[in-house]
Amino acid sequence: MAKMRWFWVWVLASLFFRLVLIYFPKNLNLGSRPEVATPLTSLRRLAEGYWLKQSSISPYSGSMYHGSPLLLSVLGPLTVTRFEGQPNHVACSLLFVIADFITAILIRATGEKLQLAYSQSLRSLNLAKLLETSETLSAGDIAGLIYLWNPLTIVTCVGFSTSPIENLMVVLSLYGACSRLAPLAAFGWVIASHLSLYPAILIVPIILLLGYGPDTPPRKLFQQRNSGSNEKDPVLPVNLFSWRPVVHFILWASFWSAYVLVLCSIYLKQYGGLSEMFKRTHGFILTVEDLSPNIGVLWYFFAEVFDFFRDFFLIVFHVNILFMLFPLAIRLNHRPCFLAFVYIALSSMLKSYPSVGDSALYLALLGWFVYELADMQFSFFLFCGYVGVILLSPVMHNLWIWRGTGNANFYYATAMAYACLQIILVVESVSAMLHHDRMLRKQSTT
Amino acid sequence: MAFLRSFLFFVLISNCYFGGSIGDEEFSEELLLKPLPDRKLLAHFHFDSRTPSTKLHGHHHILVPKAIYQLVRKFRIREMELSFTQGRWNYERWGGFDPTSSSNAKPPGVELWAVFDVPPDQVDANWKNLTHTLSGLFCASINFLESSTAYSAPAWGFRPFSGSLRYGALPREAVCTENLTPWLKLLPCRDKAGLASILDRPSIYKGFYHSQRLRLLSNEFGLEEGVEPGILLEQTLTVVLQPRGQKTSTYSDGRLLQPSWSISSIFGRKVSGRCVLAKSSTVFLELESGLVSELSKLSVENGSFGIGDVAFEGSWSSPGFELSVIPDRVIKEVNGSHSESSSVMYEYSVDKLGDNGPFDVGFVWKLPVVWSCLHSPFHASRFLIGSGNQRGSIAISLISTGSDEGFMGGDLVGDGCKVRVDIFQVVPWYVKVYFHTLQVFVDGQPEVLKNIIEKMHVSPSEDRVSPGVMEMVLRFPCSMKSATIIIDFDKGFLHIDEYPPDANQGFDIPSAVISFPDFEPRMYFLEENSSSKSPMLLKLQEKNPVISYTEVLLVPLATPDFSMPYNVITITCTVFALYFGSLLNALRRRVGEEERFLKSEDQQGKLRSGWIENLHCPSSKATMVTGLHKAPCR
């Protein structure tokens with residue numbers, strides 16, 4: 001009980017901290033930081049799109065707005081509501097705080113579900129002795145608090161970017177899949193992929209989650225246990241793939257996507273319609289038209305690469321994400337939530353307009369596996385690297401853009417370092433998880 | 001041979017004769033000289049050629065150049081204006097209200113606009129071809145206006161009721177004699193005879209402002225009713241020069257005497273005679289109203305002409321100045337209701353002077369005179385706010401010149417008085433304007449947009465496709481002292497190939513056009529004899545709104561490192577390879593098998609060593625086979 005209270009105190013403290021920061025938006029000026037607001041998520045661009053819509057011009061005319069029409073209809077009116085004596089966009093920021101709060105709660109709930117399922121399966125494998133250590137703090141609490149107190153999340157939340165909404169949708173779909181609520185999972189997945197395209201690859205972990213249930217030790221262990229056990233021992237339930245929720249999910253997903261498309265087409269009826277929307281949102285993501293600097297690796301590459309190679313490299317880079325989907329899904333199919341974490345980390349590293357909001361999400365999801373990944377290598381190095389990059393990147397940007405004393409290579413170097421850190425994080429966490437599985441196998445066989 | 005020569009001569013003569021007998025094709029050349037308040041001199045050449053409709057008179061032209069005729073015919077141009085300008089018109093000192101300045105002050109660089117007589121879907125294609133043709137014709141890089149990022153289609157902001165109009169400007173185009181020569185070639189006498197012969201290149205390009213303009217008006221296709229069909233080609237050259245004062249004598253009150261000048265002293269040449277093909281060849285000398293009123297004050301003070309203004313009228317010499325040649329005619333502007341005095345024009349016909357040797361007119365100042373020119377109601381300027389290469393704001397400031405009260409006419413009454421200001425601004429796509437951030441400050445106080453903006457039309461810029469266009473109609477209260485319009489923008493980042501060779505110099509944003517449609521200054525002249533209508537005087541009498549162009553803005557953009565595309569490509573690809581390779585390696589690694597393999601290696605090694613050991617202590621055989629622990633040899 002004391003633990004519960006302790007959790008809520010920290011949650012409230014983080015929310016209060018955000019509210020305090022919201023009152024100094026002018027001083028912080030985070031909305032113009034390239035690390036926080038990308039061309040896709042910038043609230044300033046959304047306000048421009050809403051203004052264009054209000055002056056009966058298509059919100060996608062011009063190259064300002066690249067987000068979803070639904071976001072425009074929800075957040076657009078909030079960008080122009082002004083409270084007396086309050087800074088601009090305070091309504092939007094409050095909405096983002098609420099979104100962050102819900103995300104944290106959902107992360108916690110999902111984490112608890114994961115832990116419950118995991119401890120059950122460990123007990124059934126007679127490996128309960130491994131659980132002893134993990135009773136002190138629930139992984140869900142840790143993940144939720146990481147999300148709320150991560151400086152990257154806070155910066156994103158008060159930095160006039162729509163990433164909190166995107167993160168909420170991703171977490172919502174994972175939560176729905178974990179609790180086998182096919183409509184919720186489908187809703188989250190459809191909206192998330194509608195907003196930023198990359199969460200579409202989460203369909204693999206979601207289907208695995210719905211089919212097999214939450215993360216377990218490798219299924220081979222159960223089979224070995226069953227085959228090797230005496231007559232006396234009860235036969236362990238081997239999780240078979242259940243098609244029912246998956247079919248539900250697919251039906252619901254097609255329903256939600258039809259619904260979203262209808263809503264969008266109604267909203268854009270007088271203008272270009274859906275074809276323009278796809279061209280300006282998903283097309284904009286895929287063709288990397290905006291070369292303004294961000295923390296990703298693609299902007300400088302496409303600013304420098306020769307024009308006749310552009311298409312080739314666009315294909316190569318996008319296929320790089322898709323290429324890894326199936327190897328990962330095959331190797332980690334018994335751990336769909338971890339698979340989802342790896343996918344999110346990969347896409348936030350390789351996406352065309354990454355922001356720190358994406359990192360905030362996968363760093364929080366890392367908290368779910370805090371016990372499984374306890375013996376991960378290089379964790380201290382990674383931590384220091386993240387801190388270093390986060391501190392250096394604004395400095396380099398300032399030197400290049402504002403002072404004119406540095407040059408583009410300085411900033412690009414931090415982006416490279418950031419990409420390398422993310423690669424190390426993904427690779428190390430995957431190998432740590434595989435190592436953990438091996439350890440489980442060893443423990444269960446001996 | 002002699003026969004052939006005389007035959008050719010006969011053919012030529014007859015041609016001229018018949019050409020003349022058509023009578024409708026006309027060419028006239030005029031030069032307007034005007035002293036400016038800041039000791040400079042404005043020289044404005046106006047060449048006007050017109051031809052009647054080809055339907056009635058055939059395709060053969062004598063005076064209108066074939067190139068122009070083909071241009072009009074091929075691209076179906078209804079109206080076109082091309083200007084090459086070097087230097088900036090100083091609205092504060094040289095005036096912005098009189099018709100001469102408001103129609104001849106042009107933005108620096110090249111400005112081109114054209115109205116086409118074709119269906120809307122063909123306008124862009126015609127524009128592109130036109131830019132290429134003009135670029136060949138004038139040896140200029142007008143072809144850069146071909147790209148859709150460089151030109152725009154203003155709806156009503158640039159000119160009212162512009163249907164198929166296209167507008168483009170190249171602020172950085174350098175204008176030089178290579179552009180002037182083809183322009184002169186369009187004149188029937190080139191610069192061999194007539195007024196154009198005094199265009200001495202060094203003295204023109206030495207000036208403070210230089211603007212050569214070509215304006216084409218065609219009604220070839222007979223669309224407009226009531227207008228005489230035909231082509232009108234108007235070529236003007238406006239230069240602001242500094243006359244070389246022989247001696248600057250300072251008077252007791254500290255005022256400087258204006259430098260005296262003559263045509264030969266400013267251009268270094270005299271007018272040798274008229275161009276024989278010209279219908280009229282005239283030199284005008286204009287004294288603007290501010291100067292005239294100062295001069296009449298002077299004459300009253302000196303008392304040499306008893307009744308002041310009346311005596312000054314029609315004279316070519318006064319206590320203030322003296323003309324070296326007696327004018328043929330003095331044209332006085334019929335006074336508008338607004339000011340106490342009106343401008344005076346002295347007319348010299350060059351054709352009459354042909355026999356008396358080369359024509360030269362000199363203007364000698366006798367007393368220092370200080371006057372001010374007519375200002376436009378607001379002085380418009382534009383500047384950038386903010387530092388750094390990420391974002392900034394464009395501000396257009398309008399400062400009341402205080403001279404507008406006189407021109408307001410009837411609607412000065414009460415608070416209802418409003419001044420209309422039209423703003424037309426084109427920004428290139430890499431200046432990404434946030435239209436929702438538009439703010440208007442009137443006298444330093446933020447104003448609700450609805451109260452000020454009457455009409456607004458924007459077309460937002462699209463990356464690498466089209467520039468952003470902003471057209472606004474604003475209404476300000478007459479009592480306003482200053483207004484500022486601020487709009488924020490983000491700076492775009494370009495591909496390495498899109499930067500010009502000197503990328504760190506920055507990028508130019510073309511001038512904004514600010515017009516005041518409430519004010520349509522025109523000069524009224526008494527029509528003494530309508531037979532000698534001068535095209536330039538007619539032009540001055542046309543009603544045109546006051547237009548001023550703002551400054552060109554220079555926007556520095558962040559540049560990538562131009563020297564290392566290969567490094568970037570290789571480093572990025574290395575990172576991707578690192579990601580792909582290491583992740584795939586982590587996934588396909590079978591540590592169990594590796595362990596087993598290592599174990600068997602170990603075992604084999606042990607076996608070998610164990611065999612050696614076994615020679616010494618055969619009792620440890622059993623442990624050796626399992627190979628797990630090093631067998632202790634007892």
Side-chain angles (χ1 to χ4, degrees), chain A residues 32 34 44-45 47-48 50-52 55 57 61-64 79-80 289-293 297-307 309 313 316-317 320 323-324 327-328 330-331 346 349-350 400-404 407-409 412 416 419-420 423-424 426-428 430-431 434-435 438 441, chain B residues 387-391 429 432-438 456-466 468 488 490-498 504 556 558-562 564-569 571-576 578-592 595:
Chain A
S32 61
R44 203 151 165 246
R45 287 180 181 245
E48 176 73 6
Y50 184 70
W51 185 88
L52 290 174
S55 5
I57 305 172
S61 73
S63 299
M64 266 305 173
T79 57
V80 289
E289 284 164 26
D290 196 314
L291 300 176
S292 53
V297 288
L298 298 192
W299 63 273
Y300 202 43
F301 185 87
F302 284 111
E304 297 253 346
V305 81
F306 308 104
D307 233 6
F309 284 134
F313 277 111
V316 167
F317 288 161
N320 240 315
F323 235 77
M324 268 301 164
L328 282 166
I330 291 164
R331 201 69 209 269
L346 283 187
M349 172 175 67
L350 301 176
W400 173 36
I401 299 288
W402 294 95
R403 288 179 203 284
N407 84 28
N409 301 340
Y412 177 65
M416 284 324 313
C420 290
I423 291 170
I424 295 172
V426 168
V427 171
E428 285 310 315
V430 167
S431 19
L434 294 176
H435 185 76
R438 210 151 38 233
R441 192 181 310 138
Chain B
S387 66
N389 283 336
Q390 193 173 22
R391 61 210 151 86
W429 68 265
K432 300 175 174 183
V433 173
Y434 288 95
F435 290 104
H436 77 275
T437 58
L438 183 73
M456 186 166 172
H457 174 253
V458 298
S459 72
S461 63
E462 204 170 307
D463 286 4
R464 296 179 181 82
V465 175
S466 65
D488 292 357
D490 270 358
K491 294 181 184 178
F493 289 82
L494 310 183
H495 185 260
I496 192 167
D497 292 342
E498 289 165 335
N504 287 308
T559 53
D561 191 339
F562 293 106
M564 49 177 276
Y566 290 102
N567 301 3
V568 170
I569 292 168
I571 292 174
T572 312
C573 289
T574 308
V575 169
F576 270 81
L578 179 72
Y579 145 75
F580 193 81
S582 57
L583 189 56
L584 211 60
N585 186 35
L587 285 180
R588 61 146 282 284
R589 228 174 137 182
R590 290 170 177 269
V591 180
E595 276 173 5

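Letters A, B, ... mirror the listed sequences (proteins, then strands); counts begin at 1.
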Between the NZ atom in Lys432(B) and the CG atom in Asp290(A), the distance rounded to the nearest 0.5 Å is 4.0 Å
The interface call for Arg588(B) against chain A, heavy-atom contacts under 4.5 Å, is backbone
Requested in this report: Using a 4.5 Å cut-off on heavy atoms from C-beta on, say whether the side chain of Glu289(A) contacts that of Glu462(B).
Outcome: no
Distance col, row Phe302(A):CZ vs Ile569(B):CD1, nearest 0.5 angstrom, shows 10.0 Å
Side chains of Arg44(A) and Asp488(B): does their closest heavy-atom pair fall under 4.5 Å?
-> yes
Highest number of heavy-atom pairs under 4.5 Å with chain A among Asp497(B), Leu584(B), Thr437(B) belongs to Leu584(B)
Quiz item: Within a reach of under 6.0 Å around CZ of Phe323(A), are more than 12 heavy atoms found that belong to other residues, nucleotides or ligands?
Solution: no
Given Leu52(A), Val305(A), Asn407(A), the one with more heavy-atom pairs under 4.5 angstrom with chain B than any other is Val305(A)
One should read off an interatomic distance between Ile423(A) CD1 and Phe576(B) CZ, to the nearest 0.5 angstrom, of 8.0 Å
Counting heavy-atom pairs under 4.5 angstrom with chain B, the leader among Ala419(A), Ser431(A), Ser61(A) is Ser61(A)
Turns out that what part of Met564(B) lies under 4.5 Å from chain A's heavy atoms comes down to both
When the 4.5 angstrom heavy-atom criterion is applied to Val297(A) and chain B, the contacting part is both
Checked Thr572(B), Asn567(B), Asp463(B), Asn389(B) vs chain A; the most non-hydrogen pairs under 4.5 Å come from Thr572(B)
Pair count under 4.5 Å, heavy atoms only, with chain A: among Ser461(B), Pro556(B), Gly468(B), highest is Ser461(B)
Answer key: most heavy-atom pairs under 4.5 Å with chain A among Asn585(B), Val458(B), Leu578(B) is Val458(B)
| task | Using the six-membered ring wherever Trp is involved, compare the ring planes of Tyr566(B) and Phe306(A) and label them parallel, tilted or perpendicular (cut-offs 30° and 60°). | result | tilted
Of the listed Ile401(A), Ile424(A), Leu434(A), the one with the largest count of heavy-atom pairs under 4.5 Å with chain B is Ile401(A)
Whatever's closer than 4.5 Å to a heavy atom in chain B on Arg45(A) counts as both
Of the listed Ile57(A), Leu346(A), Val316(A), Asn320(A), the one with the largest count of heavy-atom pairs under 4.5 Å with chain B is Asn320(A)
Rounding to 0.5 Å, atoms OG (Ser32(A)) and CZ (Arg391(B)) come to a distance of 3.5 Å
Margin query: Classify the ring geometry of Phe493(B) against Trp400(A): parallel below 30°, tilted from 30° to 60°, perpendicular beyond 60°.
Written below: tilted
Under 4.5 Å to a heavy atom of chain A? For Ser466(B) that would be neither
Are the side chain of Glu48(A) and the backbone N or O of Phe435(B) linked by a donor-acceptor pair below 3.5 Å?
yes
Most contact-rich option vs chain B, by heavy-atom pairs under 4.5 angstrom, among Ser292(A), Gly404(A), Pro34(A), Ser55(A), is Ser292(A)
Most heavy-atom pairs under 4.5 Å with chain A, out of Ile571(B), Leu587(B), Val465(B), Val433(B), belong to Leu587(B)
| query | Should Pro560(B) and Tyr412(A) count as side-chain neighbours, where that means a heavy-atom distance under 4.5 Å? | reply | no
| query | For Phe309(A), does the CZ atom have more than 12 heavy-atom neighbours from other residues, nucleotides or ligands under 6.0 Å away? | reply | no
